[in-house]
Amino acid sequence: MQKQIPLAYRAWVNQAEQGHGDAPGIPVRGILIGAVLALLLNGLDAYATTLIRGSYLTLNFSTPAALFFFFFIVPASGLVYGLRRCLALTQAELITIYVMLVVACCIPGMGFTQFIIPCLVGSTYYATPENNWDFLYNQYIPTWMIPRDENAARYFFEGLPEGAAIPWGAWALPLTYWYGFFLALSAAMICTMVILRKQWVEREKLAYPLVQVPMEMIKREPGRAIGRAFFANKAMWLGFAFAFVLLSVNGLHAYFPEVPKITRTAALPLFRDSVGLDLWFSPPWIGFFFFVNLDISASIWVFYILTTMQRGVFNVLGLQSTERMDLYSREPYLAHQGMGAMIVFVLIGLWVSRGHLRAVWRKAWHGDPAVEDADEIMSYRQATFGLLASLGLVGLGLWMAGLPPLGVAMFIFGAMVLFLGLTRVVAEGGIPAMRPPIMTSTFVISGAGASSLGASGLVALGFSYGWHSEIRSFVMSSVANGLKMSEVIKGGKRRLFWAVIIAIVVSLIGSSYVTMALAYQYGGINLNGLFFGWGAATYGPKDMAPRIAAALTGPRLDAWLFMGIGGGVMASLMWVRHHVLWWPLNPLGYAISANWKTGHIFASALIAWLLKLVILKYGGPRLYRSLRPFFLGLILGEVVAAGAWLVADYITGHVGSFLTQI
């Protein structure tokens, strides 16, 4: 009788030859590794931005710190694959790890911890008889909301005396409130993305350009380790080398001034030098925009130039507002115009999704068996009622801080509009760096009037600088990208929800501990001024104290007028987009046009649009596909270079080498 390999064993061998196929679901090992890496990322990032003051790798939606970690994780897993195949990380584990890392990038820096912690003690430490903050600002702060120990603030900024310990007890109650508030806000963001995932991913088929690099890195070929095809691609390494060397020249200049510095920015003055076009050359941003549809990349630079021309005309004609704005917004009229555009952009998007939203509600309320939610990270019932409960807790927290009910309602509406609008911009337009056209606090003050909020309400809004100021990276956008990546995971994905929660919790612990330890060891006044000096520590009182000192005014009619103008233009653009087939521009570009951060990215969008247009016209899809790895390399090259120079700064003790914000 002829001997044969048993069928079950043969099937196992075949599966192993194809790359030890993933078991269904989210393996616990991936969550554990992701938790450790999220903790490490936050501790290292807090150290880097606070003490080293180098490049910020968690600042923007592009989450370069996650890519930097992933650049080493994937090849390391491939090495293990070659030694002991069964121990290598599976595709599902790698996706879980990456999702946890991108979520972890939202916690340190300007995301939350390194802004909120100095914010809690800055107004008391920096109060002087000259600025009168104790009378104008500090007296309205609830006693439980900030540390009240007389030495907690002083030692935080000046350093502990020898032998003294960090006064954790003074921080316990304030941090419990603020971290509970942040967890409720994060839960609302997660639930929102669960509800909208199917609409955006399966129905509208948004591109999600920011996940192109990690998805290419974890592609699997039969009989080969995950990532081998990506790291063996010569075109990728060519783009990688170009971006790596370009940034490294400036890295060398920081150490050796005799090495010439490569200037990557220029300005084109317009309208009697009253406005200008900032031309930033950024290889990774060009790489991201290369994967964006041509109509979107065109709309970014076209609408920004048109809005800049509007700004110039206003300056020449002297059409200016006297309204006091927040410390991030610039021209009041254009800021309100941008907010109006964002509101309509989000509301029409939700209207387009109404069929899906009705199905979600039927599943949540009636348990409709025809609506499938087994492939989500939580059921629609959990997501729907979790969203309502989370927003209720956020509203309760704002009210406890001193914001009246009208202000609470307006703030939650404005904040969710900005979170949803920017997340949509990231998912569809691949925007690597962006901020809102206006802070929600200014939207509330202009819309409702300072007189309806009172001094306590204005102080509560002042603390929003600690968690809702630039919002250039937040949980909702990272979860949106993570849910797109989770498509390829087989089986149930419910553990991914807990993976995200774990990533947030360990990130809060890691970044908070390092931030506090460094501040009390070295003294915050000797560290990064963005966090401990002119920035987060004092933004709230610098904005709100003058408002309280002045007569509290009512709603601004000019603000409502320009919000109406921006909303009307956006509604017209979206109508044209859906009814005129030849229309070449996407309304997305107008949603971010009244924004100074768009001035940093529009030149990269223009270059990527032109390159892609020429490539598709003269080389067709075949040339486009062959050049994709080169543009992926542009992204990865600068990310790795920025991370490598941070490591060099740590080893050498060099500080202040800010090379890039990817």
Side-chain angles (χ1 to χ4, degrees), residues 55-56 59-62 64 209-210 239 242-251 253-254 260-292 294-316 328-331 334 338 425 429-435 437 470 472 585-586 588-615 630-631 633-635 637-639 641-642 658-662:
S55 300
Y56 295 171
L59 177 63
N60 292 320
F61 296 120
S62 52
L210 296 190
F242 175 80
F244 188 96
V245 171
L246 192 67
L247 190 71
S248 293
V249 170
N250 289 347
H253 172 79
K261 181 180 180 181
I262 299 176
T263 301
R264 302 199 297 178
T265 61
L268 177 64
L270 300 169
F271 291 93
R272 303 175 188 172
D273 205 16
S274 65
V275 297
L277 293 175
D278 295 323
L279 306 174
W280 287 34
F281 177 74
S282 172
W285 289 354
I286 293 171
F288 284 123
F289 284 123
F290 185 75
F291 301 102
V292 174
L294 286 172
D295 65 320
I296 295 178
S297 55
S299 72
I300 293 171
W301 65 265
V302 168
F303 282 121
Y304 178 73
I305 291 175
L306 291 176
T307 304
T308 301
M309 293 174 64
Q310 178 190 357
R311 182 181 292 114
V313 170
F314 279 16
N315 289 341
V316 171
Y328 285 106
S329 303
R330 295 184 179 177
E331 297 90 344
L334 290 181
V425 164
I431 307 297
M434 189 47 57
R435 62 170 307 279
E470 278 209 76
R472 289 164 65 169
L585 299 176
N586 193 298
L588 181 150
Y590 184 70
I592 60 173
S593 62
N595 192 321
W596 57 263
K597 191 61 189 176
T598 309
H600 296 168
I601 67 169
F602 94 97
S604 297
L606 172 59
I607 294 171
W609 171 81
L610 185 60
L611 290 174
K612 188 172 182 178
L613 185 68
V614 172
I615 289 170
F630 174 82
F631 288 90
L634 289 180
I635 300 169
E638 183 154 321
V639 168
F658 183 84
L659 302 178
T660 183
Q661 49 168 304
I662 302 169

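Sequential numbering from 1 along the given sequence is applied to the chain's residues.
With sequence neighbours left out, Phe271 forms a side-chain contact (heavy atoms from CB on, under 4.5 Å) with Ser274, Val275, Met309, Val313, Val316.
The structure places CD1 of Ile431 at 4.0 Å from CD1 of Ile592, a figure rounded to the nearest 0.5 Å. In this structure, CZ on Phe303 lies 13.0 Å from OG1 on Thr308, to the nearest 0.5 angstrom. Taken from CG in Leu585 to CH2 in Trp301, the straight-line distance is 8.5 Å, to the nearest 0.5 Å. If you take CZ on Arg435 and CG on Leu59, they are separated by 11.5 Å, rounding to the nearest 0.5 Å. With rounding to the nearest 0.5 Å, the separation of CZ in Phe242 from CG in Leu634 is 7.0 Å. The distance from the CG atom of Leu279 to the CG atom of Leu606 is 9.0 Å, given to the nearest 0.5 Å.
Although no hydrogens or angles enter the test, the distance criterion places no donor-acceptor pair under 3.5 Å between the side chain of Ser297 and the main chain of Phe289. Listed for the Thr307 side chain is no donor-acceptor partner under 3.5 Å among the backbone atoms of Tyr304.
Taking the side chain as every heavy atom from C-beta outward, Asn60 and Pro432 never approach each other to under 4.5 Å. Side-chain contact check for Asn315 versus Arg311: some heavy-atom pair is nearer than 4.5 Å. Between Ile615 and Phe290, the closest side-chain pair of non-hydrogen atoms falls below 4.5 Å. A 4.5 Å side-chain heavy-atom check between Lys612 and Phe631 finds every atom pair outside the cut-off. With a 4.5 Å cut-off on side-chain heavy atoms, Ile305 and Phe602 count as touching. At least one side-chain heavy atom of Gln661 sits less than 4.5 Å from a side-chain heavy atom of Arg472. No side-chain heavy atom of Glu331 sits under 4.5 Å from any side-chain heavy atom of Phe314.
Heavy-atom minimum distance, Asn586 versus Ile296: ND2-CG1, 3.6 Å. Closest approach of Phe291 to Pro209, counting heavy atoms only: O-CG, 4.0 Å. The minimum heavy-atom distance between Pro283 and Glu638, with the atom names listed, is CD-OE1, 3.7 Å. Of all heavy-atom pairs between Asp278 and Ala267, the closest is OD1-CB, 4.2 Å. Taking every heavy atom of both residues into account, Met434 and Lys597 meet most closely at CA-CG, 3.8 Å. Summarising the geometry of Phe281 relative to Leu246, their closest heavy-atom pair is CE2-CD2, 3.7 Å, with the distance given to 0.1 Å.
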> Does the side-chain contact (heavy atoms from CB on, under 4.5 Å) test come out yes or no for Trp609 and Val292, once each step is laid out?
Replying inline: CA-CA 8 Å; Trp609 171 81; Val292 174; over 6 Å; no
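Using the six-membered ring where Trp is involved, Trp280 and His600 have ring planes that are parallel, under 30° apart on the 30 and 60° scheme.
Considering Thr660, Ile662, Val639, Ile262 as possible partners of Leu247, the one that fulfils the side chain to side chain contact (heavy atoms under 4.5 Å, CB included) test is Thr660.
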